[in-house]
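I have placed the structure first, in the form of structure tokens, so that the comments after it can refer back to it.
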Amino acid sequence: MSQEEDDEAAEQRSRRYDAPPLPPALILAVVGLLCGFATIAGVWLGERGCERFRDTTNCGALGLPLLVLIVGVTMVLGGLTLSRLAMPHPRLIPFLGVAFMVALVVAFLTGHLDSPWIIAAVPVLTAVTFLLANLVARLLERADA
């Protein structure tokens, strides 16, 4: 192995955190909670921005692209977090977990988005969907082998 390859390997190790001695399910649940809170914060900031520039919390035609941006950023943040913690499937789990959460919120919680309990319900739901996404990823891995 050359000196360049050694330096490159050392640099990659320095940019990555090893997973703490915690169960993977706990790590996934905590990252899911954080992604849920990030989604809530993004929606809240989007509403405040629309309120400031349009004098209403309704963003109109910009609402859907803004929501897609918030969901995309949440997926990327979850993927970065899981990859830094050396978890398996660091991009698939946040993609599926956030997508499942959005689907469940749209399907069952749309009429209750103004309720104060939604601030706790969405992060808990996201933690559960991250665990479900991990199960799906493991099943896909088994089916591929």
Side-chain angles (χ1 to χ4, degrees), residues 1-50 53 57-145:
M1 195 179 253
S2 70
Q3 180 65 25
E4 255 180 52
E5 291 173 348
D6 289 339
D7 291 342
E8 185 177 320
E11 182 179 331
Q12 286 179 349
R13 283 192 302 270
S14 69
R15 285 186 280 157
R16 190 181 94 195
Y17 298 113
D18 287 331
L22 297 173
L26 179 62
I27 294 171
L28 289 171
V30 169
V31 172
L33 277 172
L34 293 175
C35 286
F37 281 120
T39 302
I40 293 289
V43 169
W44 184 81
L45 288 172
E47 285 179 350
R48 297 296 79 76
C50 289
F53 293 110
T57 58
N58 184 352
C59 294
L62 294 176
L64 183 61
L66 184 61
L67 183 61
V68 170
L69 177 69
I70 291 167
V71 167
V73 167
T74 303
M75 288 176 182
V76 169
L77 290 175
L80 288 173
T81 304
L82 290 179
S83 67
R84 294 294 292 225
L85 292 171
M87 294 295 292
H89 312 291
R91 290 184 293 267
L92 179 62
I93 292 172
F95 176 78
L96 291 176
V98 173
F100 291 162
M101 178 270 298
V102 169
L104 290 172
V105 166
V106 168
F108 299 111
L109 300 176
T110 301
H112 305 286
L113 294 177
D114 293 337
S115 300
W117 57 267
I118 204 77
I119 295 171
V122 168
V124 170
L125 180 63
T126 309
V128 171
T129 58
F130 264 56
L131 294 172
L132 180 65
N134 182 45
L135 177 67
V136 169
R138 287 188 2 227
L139 289 173
L140 288 173
E141 186 178 49
R142 270 193 222 145
D144 193 33

Under 3.5 Å, sequence neighbours excluded: what are the donor-acceptor pairs made by side chains of residues 119-139?
| unit_1 | atom_1 | unit_2 | atom_2 | d |
| --- | --- | --- | --- | --- |
| Thr126 | OG1 | Val122 | O | 2.7 |
| Thr129 | OG1 | Gly97 | O | 2.9 |
| Thr129 | OG1 | Leu125 | O | 3.2 |
| Thr129 | OG1 | Thr126 | O | 2.9 |

Over 12 foreign heavy atoms within 6.0 Å of CZ, Phe100:
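Counting neighbours around CZ of Phe100, more than 12 heavy atoms of other residues, nucleotides or ligands fall under 6.0 Å, so yes.
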
Output side-chain donor-acceptor pairs under 3.5 Å for residues 60-78, partner residues at least two apart or in another chain, one line each.
| unit_1 | atom_1 | unit_2 | atom_2 | d |
| --- | --- | --- | --- | --- |
| Thr74 | OG1 | Thr39 | OG1 | 3.3 |
| Thr74 | OG1 | Ile70 | O | 2.8 |

Do Leu113 and Val105 have side chains that approach each other closer than 4.5 Å (heavy atoms only, starting at C-beta)?
yes

Option passing side chain to side chain contact (heavy atoms under 4.5 Å, CB included) with Val30 (candidates Leu26, Leu28, Ile27):
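Running side chain to side chain contact (heavy atoms under 4.5 Å, CB included) over Leu26, Leu28, Ile27 with Val30 returns exactly one hit, Leu26.
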
Which residue pairs pass the disulfide (SG to SG under 2.5 Å) test when at least one of the two sits in residues 59-140, sequence neighbours left out?
Cys50-Cys59

[atom2] on [Y] to [atom1] on [X], rounded to 0.5 Å:
X     : Y     : atom1 : atom2 : result
Leu22 : Leu85 : CG    : CG    : 9.0 Å
Cys35 : Leu82 : SG    : CG    : 7.5 Å
Arg91 : Leu80 : CZ    : CG    : 10.0 Å

